[in-house]
Amino acid sequence: MDKTMDDIIREGNAYACIQCGRCTGSCPSGRECGLRTRKIIHMARVGIDVFKTEELWDCTTCFTCQERCPKEVKITDIIIELRNLAVKNSYYPSMADVPKIIIQNLYRTGNGQPLSPEVSKLRSIIGLDKEPNDIAKDKEALADFQKLLDGLPLMRWGGI
Amino acid sequence: MKIGVYVCHCGVNISNTVDVQKVISEVSALPTVAVCRDYQYMCSDPGQEMIAKDIRELGLDRVVVAACSPRMHEPTFRGAVEAAGMNPYCFEMANIREQCSWVHEDKEQATRKAADLVKSSVARAALLEPLNSTEVPVTHAALVIGGGIAGIQTALDIANSGYPVYLVEKDPSIGGHMAQFDKTFPTLDCAACILTPKMVDVARHPNIELLTYSEVESIEGSVGNFHVRIRKKPRYVNVSLCTGCGSCATACRLVGRIPSEFDMGLGKRGAIYVPFPQAVPLRYTIDPEKCLMLKHGKCGTSPKCVDACDRDAIDFSMTEEILEVDVGAIVVATGYKEFDPTIKREYKYGTFKNVMTGLELERIFAPSGPTGGKALINGKVPKKIVFVSCVGSRDKRIGNPYCSRVCCMYIAKQAHLLKEKIPDADITVMYTDMRAFGKGYEEFYERVQKEGIKYRRGNAAEVYEEDGVLHVRAEDTLMGEPYELEADLVVLGTGLEPSDAADAIGHMLHLSRSADKFFLEAHPKLRPVDTVIDGVFLAGAAQGPKDIPDTVAQASGAASHVVNLLSKDVILAEPIVAEVNTDVCAGCRICEILCPYDAHAFDEERNVMTINKAICKGCGSCAAACPSGAIAMNHFRDSQIVAQILEVI
Amino acid sequence: MDYAFFPGCIAKNVYPGIEKATRIVFEKMNVGLHDYPYSCCPPPGVVACYDKDTWYALGARNLALSEPDNRDIMTICAGCYGTLHNVWHELQHNDAKRAYVNEHLGRIGMTYKGTSRPIHFVDLLDGMRDTITQNKEVDLDLRVAVHYGCHYLKPTTVTGENSESPMLLDEIVGLVGCKSIPFKDRLTCCGAGGGVMSGEPELSLKIMERKLKNIKKADVDCIVNICSFCHMNFDQSQKKLESFDIPVLHLNQLLGLAFGVKHKHLGLHMNLVSTRDLVKKVKGAKKGRDEE
Amino acid sequence: MAETWNPKIVGFLCNWCCYAGADMAGTSRMKYPPNIRIIRVMCSSRINAEMVIKAFQMGADAVFIGGCHPGDCHYVDGNYRTQKRIAVLRRLLEHLGIDPRRLRLEWVSAAEGEKFAQTMDEFAKEVAELGPSPLAALQREVL
Ligand SMILES: Cc1cc2nc3c(=O)[nH]c(=O)nc-3n(C[C@H](O)[C@H](O)[C@H](O)COP(=O)(O)OP(=O)(O)OC[C@H]3O[C@@H](n4cnc5c(N)ncnc54)[C@H](O)[C@@H]3O)c2cc1C
Ligand SMILES: Cc1cc2nc3c(=O)[nH]c(=O)nc-3n(C[C@H](O)[C@H](O)[C@H](O)COP(=O)(O)OP(=O)(O)OC[C@H]3O[C@@H](n4cnc5c(N)ncnc54)[C@H](O)[C@@H]3O)c2cc1C
Ligand code: SF4
Ligand code: SF4
Ligand code: SF4
Ligand code: SF4
Ligand code: SF4
Ligand code: SF4
Ligand code: SF4
Ligand code: SF4
């Protein structure tokens with residue numbers, strides 16, 4: 001189900017953008033960095049390979065821009081799709097490296113944020129099971145989960 | 001049977017998609033078709049002449065034109081065949097443009113469909129019967145609904161042509177929104193100076209019956225003969241006694257306690273009031289929702305207004321009156337309402353007092369307004385002012401995808417007026433695009449910039465307050481930098497929506513709405529003041545957002561259409577009506593209850609139904625239901641429809 | 001009432017006090033919470049941003065687990081809710097995606113039907129206001145800064161919430177005697193989402209710093225959140241920034257205090273920012289009540 | 001059948017709303033599949049069961065009836081009567097072995113060109129999925 005730039009522009013209504021700038025004006029991240037949401041949408045709709053820009057990874061996906069866009073441009077959805085496209089084209093900057101560890105954890109334990117021995121101790125102090133009653137504990141479920149992940153595209157693109 | 005068939009290329013509009021020659025060769029083979037030709041533009045003079053010549057020389061008795069929609073040119077061709085001596089109802093049209101060449105891409109299939117449609121029209125044409133229109137007299141009077149500048153201009157133009165006009169306005173005074181403005185763009189004329197004389201003309205015009213504080217209850221009938229019921233709401237003041245002196249208003253126990261609608265709630269009035277000093281008619285009205293006497297039956301020991309009125313004009317026993325009038329034509333001029341920005345929550349309208357709408361600010365400029373024309377916002381002179389454009393317009397999220405056309409310019413006007421009143425004010429307009437397309441508009445925009453108003457491209461994202469100061473957040477899209485401005489006044493350039501009060505009128509007249517919910521004109525370019533309902537016309541912002549020059553132009557256009565209609569003594573009524581074959585009718589009376597117009601009358605003696613031709617509008621509902629097949633729906637007979645079905649499958 | 005309980009990995013593996021508080025509070029309110037072999041949601045900022053299809057499939061696996069028992073799924077984190085609810089919503093509308101997801105789940109003998117709905121616990125509390133009041137033992141009398149969390153509110157086309165002026169959380173803290181104090185930009189993002197906290201910690205910290213400054217100005221006793229991820233960001237960032245010390249409570253921890261639960265059972269002492277003064281203040285309030 | 005089967009749809013459209021809406025689709029150059037053949041009537045209430053059944057008997061795969069939105073009928077309430085009639089007619093069709101989904105009633109206003117085009121798109125697809133009408137097949141055999 002790989003999407004092309006064209007699909008992303010069309011499905012996200014990017015062509016309808018009137019460059020009003022309400023998105024950038026709303027963006028909590030752009031206030032602190034070089035992310036210009038409007039510009040991302042503009043670059044996308046005029047056919048620039050915007051998935052190569054690093055600013056794409058500055059978005060916290062807070063959806064404020066998408067909520068306020070008067071033209072119903074699905075801005076945040078587009079940003080996420082563009083990131084997918086970037087990953088598929090091996091175009092992710094260094095900051096996207098850290099999440100790789102999270103993906104490795106996910107595969108190994110079923111949780112992006114795995115249990116540490118310290119927290120396990122803390123859990124028992126406050127009267128919880130040492131280990132949460134979840135996938136990490138249920139070996140059968142974890143094996144299935146890994147089998148599921150093995151066949152999913154993330155493992156192909158995530159470069160793990 | 002000799003049928004002539006004419007296939008139009010419509011330039012290339014049809015022939016690009018439909019293989020006209022192929023259609024011709026298929027249709028020519030039909031036994032009833034005597035001649036089949038094609039032509040570049042059938043509706044042009046030579047095209048029409050081609051048909052006329054064939055009628056005369058070949059003795060055609062039916063004509064089929066395959067071209068655009070019959071809603072476009074059926075009247076044209078009916079006229080052409082009639083001029084050549086054929087009954088106009090023996091003419092039939094096949095729509096191979098709007099419903100074929102323009103909507104399909106596959107040439108082969110479009111050609112197949114076009115051929116089917118033409119054959120179906122030929123089959124129908126063979127069964128058409130000559131019909132004769134009946135003449136109906138025209139009532140020489142008009143109704144204008146809505147007393148804004150549109151309604152005022154229309155009413156004056158019609159009245160000046162010598163025809164009586166009923167002008168119905170729901171509010172106590174005419175004037176509409178224009179009366180709320182101090183100055184108007186782009187020339188900055190004083191609105192009152194140009195509007196008030198017109199309002200007075202309306203009141204004084206011998207041909208105009210002004211019905212303010214009134215609403216249309218119902219409308220029946222059709223072009224030439226509408227029967228209208230108008231409800232006059234009680235003013236509780238006898239208008240023939242009241243001199244408009246205003247003693248009552250100053251005396252009213254509630255004076256200065258009720259938010260004035262005209263002042264957008266910024267000013268206060270009493271329970272007995274005129275909306276504004278130049279109101280027409282200048283007669284007082286008591287607000288039944290607020291007046292102590294009307295609500296509780298008691299106002300102190302005695303109503304102060306009554307005591308104050310020398311003319312004994314106040315009359316609490318007044319009740320509403322129903323007025324019935326007959327008119328030949330109707331103009332709908334119900335105008336607009338301002339978009340309510342409360343739902344654009346990020347702008348905090350309603351939360352922060354210093355966030356205002358465009359219309360509210362208009363009242364601040366007005367010498368008769370809540371601040372007496374002084375630039376005071378909540379008691380203070382604002383120094384930092386931010387305008388926000390396109391609030392409630394060009395916004396799909398809230399369902400108003402259209403541009404409101406006036407806000408760019410009224411923002412420029414208001415920025416100018418504020419600068420004039422507060423020379424040291426720092427004024428910024430945050431905008432998406434600047435639309436200054438009218439005569440003198442771009443020039444005005446430049447003038448305002450020269451005066452020091454800053455235009456920054458990129459619209460406001462949100463408004464917040466910190467330590468009592470408003471802040472507006474935006475991106476300057478030309479620099480690509482987000483920034484924030486402090487403001488002690490934020491003006492929202494609110495857009496236009498159709499008036500709520502127009503809903504009921506729309507239903508009464510069966511008017512269609514366009515996607516923007518304004519009333520739909522008969523053709524977006526060529527018939528912008530007509531509706532598809534004969535005898536009903538549109539003027540002003542009821543048809544779509546527009547400024548005053550465009551409103552007035554359209555109003556005069558609507559008036560000329562009305563006058564055109566009223567200048568005739570009779571018009572022809574379409575003979576497309578239902579008829580009962582009394583030999584077949586079984587007297588079951590099923591049809592009777594179906595007719596929305598009560599056109600049926602039962603003949604007890606003969607035990608058969610009859611239909612009054614003058615009342616029937618030709619929907620065909622009764623004909624569809626008659627179990628005996630006794631009702632013939634002229635021009636849409638069962639046999640004619642079935643013949644079409646057979647051909648299209 | 002019975003729900004499948006989706007604690008999410010932060011509440012399980014980083015701030016277990018949140019998991020504990022949730023279990024206690026909901027038990028007191030007679031809501032049954034049931035465990036399933038859940039994986040993490042998976043995180044929208046990482047998995048969705050890398051590959052959305054994988055996100056749908058893993059999300060659907062979680063959603064499908066309680067389907068045989070006909071249980072809706074309660075989440076206590078806006079991030080988990082964001083994932084599960086968005087996945088659920090998309091699969092509700094998008095047949096192709098649903099088929100895709102089921103094709104993959106089929107490989108491990110599962111199917112996704114869409115019969116179990118994810119619910120954010122605050123929406124659940126909305127309907128249990130009387131129960132909250134009945135369980136209240138301490139009138140907390142605190143000035144709090146509430147934080148809604150972006151993915152609980154938005155996108156509104158999916159959540160159906162009011163994203164510009166929500167009041168629900170303010171009202172709920174009000175039920176236990178707290179006063180929600182308005183502060184500048186109270187609805188803006190905490191800076192954690194979208195993989196920014198892990199991928200670009202400095203940017204994330206800048207967004208948070210601005211937010212904390214605004215909260216500090218409002219002079220509150222604590223920050224109350226409804227998202228374990230925001231919770232972690234608020235707590236850890238203050239330690240990194242060093243100039244703030246505003247205690248951070250997940251709403252369930254706040255409710256726990258109001259229900260008279262000992263702060264140690266709520267794991268409050270595990271926060272990086274000390275909650276000692278806050279706990280003292282609450283104890284004082286309780287004493288005050290006892291003496292009445 | 002040598003040629004590929006294309007659903008045949010007969011459309012009855014009221015003059016004031018749906019027919020105008022179909023015109024609007026044309027004026028706006030919206031594209032939809034060419035399966036429908038439109039017959040114009042003044043009001044959707046002009047259509048009766050005989051006409052619809054006739055269409056099916058003659059080999060139509062589906063029938064579309066278009067009228068004004070409730071409250072907008074040019075003849076006050078013709079569309080309500082149509083709606084009632086169609087409900088009865090659907091049952092009758094079922095009786096005759098015709099899937100009632102082959103008869104579609106839709107309100108389209110004069111401004112809703114987009115809705116008309118979309119409806120045509122959808123309906124053509126739906127009918128294609130339903131396959132040739134059994135009655136139409138019968139008709140073809142007889143011929
Ligand atoms: C803030 C603002 C500033 C503007 N400034 C300018 C300017 O400077 N220059 C300019 O050219 N244009 C300006 N405009 C646009 C201008 O207001 C319109 O062009 C003009 O008012 C349209 O006139 P109208 O008669 O069509 O509608 P309206 O002014 O809306 O009048 C309609 C009238 O119909 C009445 N009515 C409605 N429904 C019914 C009913 N069912 N029965 C009876 N009566 C009914 C209403 O009460 C009203 O009196 C401005 C608009 C706004 C919002
Ligand atoms: C490139 C272009 C594209 C456009 N596209 C559109 C569009 O898609 N839609 C749209 O709505 N509008 C469009 N317009 C605008 C449109 O052309 C005008 O609105 C319209 O033509 C104006 O009509 P008119 O009759 O006033 O003037 P004209 O079309 O200019 O007609 C004036 C007539 O008067 C004659 N004339 C002039 N002087 C005299 C004289 N002294 N004596 C006798 N006869 C005289 C001229 O020969 C001419 O025939 C477009 C304009 C341009 C330039
Ligand atoms: S808010 Fe929407 S329309 Fe405006 S610039 Fe951003 S994407 Fe474009
Ligand atoms: S979703 Fe991303 S781009 Fe949009 S406002 Fe939030 S951080 Fe900025
Ligand atoms: S006091 Fe009497 S005459 Fe004067 S305005 Fe009032 S009602 Fe009219
Ligand atoms: S009766 Fe009393 S309240 Fe009513 S208008 Fe007269 S003075 Fe005012
Ligand atoms: S006129 Fe200007 S402000 Fe108004 S909607 Fe159009 S572009 Fe926006
Ligand atoms: S001059 Fe023409 S192109 Fe330029 S803004 Fe005006 S209408 Fe548009
Ligand atoms: S339905 Fe037909 S048969 Fe019955 S009364 Fe009317 S015309 Fe006569
Ligand atoms: S055709 Fe319609 S309007 Fe005419 S008599 Fe029959 S039901 Fe009445």
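Computed from a prediction, not measured in an experiment: that's the story for all the values here. Chain identifiers are assigned alphabetically (A, B, ...) following the order of the sequence lines, protein sequences preceding nucleic acid strands; residue numbering begins at 1 within each chain.
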Is there a side-chain contact between B:R394 and A:C20 in this structure, where contact means two heavy atoms from C-beta onward sitting under 4.5 Å apart?
no
Measure the OH-CZ distance between B:Y347 and A:R68 for me, rounded to the nearest 0.5 Å.
8.5 Å
Please name the pair of heavy atoms, one in A:T24 and one in B:P482, separated by the smallest distance, quoted to 0.1 Å.
CG2-CG, 4.4 Å
Check whether any side-chain N or O of B:R473 sits under 3.5 Å from a backbone N or O of A:G25 as a donor-acceptor pair, and report yes or no.
no
Enclosure of B:K107 NZ (heavy-atom neighbours >12, cutoff 6.0 Å):
yes
Does NZ belonging to A:K137 count more than 12 external heavy atoms closer than 6.0 Å?
yes
Region of B:S393 that comes under 4.5 Å of a non-hydrogen atom in chain A
neither
Identify which part of A:C69 has an atom lying under 4.5 Å from any heavy atom of chain B, answering side chain, backbone, both or neither.
backbone
Most heavy-atom pairs under 4.5 Å with chain B, out of A:R36, A:K39, A:Q19, belong to A:R36
Check this for me: B:E446, atom CD, are more than 12 non-hydrogen atoms of other residues, nucleotides or ligands nearer than 6.0 Å?
no
Contact list (residues 395-405 of chain B to chain A, heavy-atom gap under 4.5 Å, by number) returns B:D395, B:K396, B:R397
Pair B:E462 + A:R22, salt bridge at N-O below 4.0 Å:
no
Is there a side-chain contact between A:E67 and B:E346, using heavy atoms and a 4.5 Å cut-off?
no
